[in-house]
There are 2 protein chains.
Amino acid sequence: MPIGYVLTKNMTKKSHSVTIRQVAQKAGVSVATVSRYINQNAPISKDVADRLKMVMTELRYVPHAAARQLASQKTRVVGLLLNTLHNDFFVPLLNGIEAVVRKHEYNLVIATYLLGSRDMPPPIGPHNTDGLLIFSDGLSDDDLASLHDRNFPMVLVHRTPPDSLKIPSVTVENKRISFELINHLIKVHGRKRIMLLRGPIHQEDSYWRETGYKAALEANGIPFDEKLVLNGDFERHTAYNVLHEFIATEKQISFDAVFTGDDDAAIGVLKALHEHGYRVPEEVSVVGFDDLGFSAFLTPPLTTVSAPTETVGRIAAEQLFSLFDKQYPEDDVTLLPTELIIRRSCGCTS
Amino acid sequence: MPIGYVLTKNMTKKSHSVTIRQVAQKAGVSVATVSRYINQNAPISKDVADRLKMVMTELRYVPHAAARQLASQKTRVVGLLLNTLHNDFFVPLLNGIEAVVRKHEYNLVIATYLLGSRDMPPPIGPHNTDGLLIFSDGLSDDDLASLHDRNFPMVLVHRTPPDSLKIPSVTVENKRISFELINHLIKVHGRKRIMLLRGPIHQEDSYWRETGYKAALEANGIPFDEKLVLNGDFERHTAYNVLHEFIATEKQISFDAVFTGDDDAAIGVLKALHEHGYRVPEEVSVVGFDDLGFSAFLTPPLTTVSAPTETVGRIAAEQLFSLFDKQYPEDDVTLLPTELIIRRSCGCTS
DNA sequence: CCAGTTACAGTAACCGGTTACATTATTTCA
DNA sequence: TGAAATAATGTAACCGGTTACTGTAACTGG
């Protein structure tokens, strides 16, 4: 060996993490046995089990998630795909989902996916989750179809599946209750110039609420006036801006009520109305949707629709876990009931 | 070969997913080259790159996350550990965090960890994340120390590190502003029997707000009265129940103001007061903390403290990513400024 | 008493990437 | 112009688990 010869050191990666082989060695068993103990999927003798338990706590062994995932081809992760989370609506939804996910000892990863950012695959999908909860328009129809073809477990939330794709869907009753809400404004409070603040375009809740709104107008012989329709996105700041702008520039257009689309937007609407000196509900009725936690405490208390959002989250998550067991829910779309909540902002005195 | 010989079929796992080797083969290169192309960490000739791009889209290739994680020893996931998420407070926090995480093209996994559930390792940790954002008392001091010893990247949110552990921490100014808030009630509105609705015990914000409260009383020569302290948890339903109970059973104890601890609790407080016929702010002043989205719209509009919660989330996340690059923030604890927001519920007329 | 089960455990291939090391062709530059 | 540096790629060992396949001993029933 020539002088100056340099040993090629095996610079072992300083992965300090304890591995299953170390556990196996220390306990005097094979790695397979350790694995079986961890997963409880094969009988292990009592004393080996006890020994492993000791060794594992002593070594502070925690199985490496990625290694398990790679070997077992399952991630024990469910993904929640949203388009935005600028809305208090997500608190109850997330609560429902998280509770179920935790119960099943899965992890929950949250991602927002702007429909604009194409050409980039969504951050979560089959490569890093076992299934997806897809909120509203969190994913395009095409992507949905593509995942469906690959038989990837998914449940839609507040959105029904496109075409005839068999994807379970959990949402709430929008149209009938919106009809009743608007009907209430007309019949009880004599409102005739009811403004509609839309939600995001192409959003289903938004669509059905608008449909119910129109149906109520028609049922009462009130002509639909395009000028009374504003475009919002279920977001309080947008709502404020849009209405503020409207009032400032379209003074000649009168209105005596606002259907805000959802309660978050209602906050913005109330603020704009207040700042412009409209008295609610004397001059203008305001009604929302969702009955969020704060809605009963607004000025005035908000007439709205109670939607079981936490339950939506819970059921959607449960259905996803059922899909993991190849159990398809009875009904393709689970439509949860909604309920009229009459408070002060429509003009009622309760 | 004897008759009846049975071939041991290589029942290939029907893992339909496209692998890097398929891409490599189809593009006529080695897997190493594909890997290099994906990670852009070594020069690739133009035409090979083009070819790979085509093949990858054609095959709809998406790298298997677990395999990458296992091989590279990094997960590209940050974990957010909460104790609960029953609070609208999390919406802005989550927003701030998510924005940063997405910018870095990482994934965000959310877990709630009940401090009670010991003997079970937290659902997220070094085995499945590159770093943790730990909210409040989402993890015990011991666990914190243990992770710190292993040099695991963490940033604390709304909590300062125990002992002398060098863990970056991002939170808001609580004590001084609470002092000012209570001082306002006393000096401006002549309140003397100010009730304190505590947050969760051992929660730092709660502690400092209480400290500020006591300091203000003392500075004004008002004796601290233990009877005026109620235990809440920053949650509207608890707040409602606790105050409701108090009013029902302790009629003889008078009070003329309530410091609700946070705005979410303020909702419950307002409801309870309203139901029992107290007029706010004429008879009782109510003040909160956080200035959540709805606070300006409560009945009456809530006097509170504006806390830059979204910024807290953003900065905490940024600091975590800095830690990934071995950059420790200048200050151990980043204390974000808070601001008094005077509205109607304290008695002011604005 | 023996064939057929069952309980328990070990060996080693495999999951789908990353990367150290080796190799060849092409530049760069003294 | 020849040595050294650089560019572009390939080979194969690994990452840390899971599990198919085997093997042995104890048990069971006829």
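Residue numbers begin at 1 in each chain, while the letters A, B, ... track the order of the sequences.
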task = Would you mind reading off the distance between B:Asn41 atom CG and C:dA20 atom C1', rounded to a whole angstrom?
result =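 Checked: the CG to C1' distance equals 13 Å.
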query = Got a salt bridge between A:Lys166 and A:Asp332, using NZ or NE/NH1/NH2 to carboxylate O under 4.0 Å?
reply = yes
For [N], take OP1 and OP2 only and decide whether either is under 4.0 Å from a side-chain N or O of [X].
X       : N      : answer
B:Gln73 : D:dG16 : yes
B:Thr19 : C:dC15 : no
A:Ser30 : C:dG10 : yes
A:Tyr61 : D:dG17 : yes

Which of these nucleotides, [options], is closest to any side-chain atom of [X]?
X       : options                : value
A:Ser45 : C:dG16, C:dA20, C:dC8  : C:dC8
A:Pro43 : C:dC8, D:dT18, C:dT11  : C:dC8
A:Ala32 : C:dA9, D:dG10, C:dT11  : C:dT11
B:Arg21 : D:dC21, C:dG17, D:dG17 : C:dG17
B:Asn39 : D:dT18, C:dG10, C:dT18 : C:dT18

query = Does the ring center of B:Phe135 lie less than 6.0 Å from the ring center of B:Tyr113?
reply =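 Not under 6.0 Å, so no.
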Pairs touching residues 314-330 of chain B that satisfy salt bridge (Lys or Arg N to Asp or Glu O under 4.0 Å), sequence neighbours left out =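 Salt bridge (Lys or Arg N to Asp or Glu O under 4.0 Å) check on residues 314-330 of chain B returns B:Lys103-B:Glu318, B:Glu310-B:Arg314.
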ask   = Can you find a pair of side-chain heavy atoms, one from A:Val29 and one from A:Tyr37, that are under 4.5 Å apart?
value = no
Select base, sugar-phosphate, or nothing to describe what [X] touches, counting heavy atoms under 4.0 Å on all strands.
X       : value
A:Ser35 : base
B:Ile38 : nothing
B:Val34 : nothing

task = Could you verify whether a donor N or O on one side chain and an acceptor N or O on the other, from B:Ser136 and B:Glu204, lie under 3.5 Å apart?
result =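 No.
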query = Quantified as the angle between the terminal helix axes (five pairs each), what is the overall bend of the helix from C:dC1-D:dG30 to C:dA30-D:dT1 to 10 degrees?
reply =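 Axis-to-axis angle, ends of the helix: 20°.
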key: Presence of donor-acceptor pair under 3.5 Å, side chain of A:Arg68 and base of D:dG16   = no
task = Go through B:Phe152 and B:His127 one step at a time and tell me if the ring-ring contact (aromatic ring centres under 6.0 Å, His included) criterion holds.
result = CA-CA 11 Å; B:Phe152 187 68; B:His127 63 292; 9.2 Å; no
inquiry  = Donor-acceptor check, side chain of B:Asn39 to backbone of B:Asn41, threshold 3.5 angstrom: yes or no?
reply    =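 A pair under 3.5 Å: no.
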message = With nearest nucleotide decided by heavy atoms, which residue, A:Val31 or B:Lys46, maps closer to the 5′ end of DNA chain D?
response =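 Closest to the 5' end, via its nearest nucleotide, is B:Lys46.
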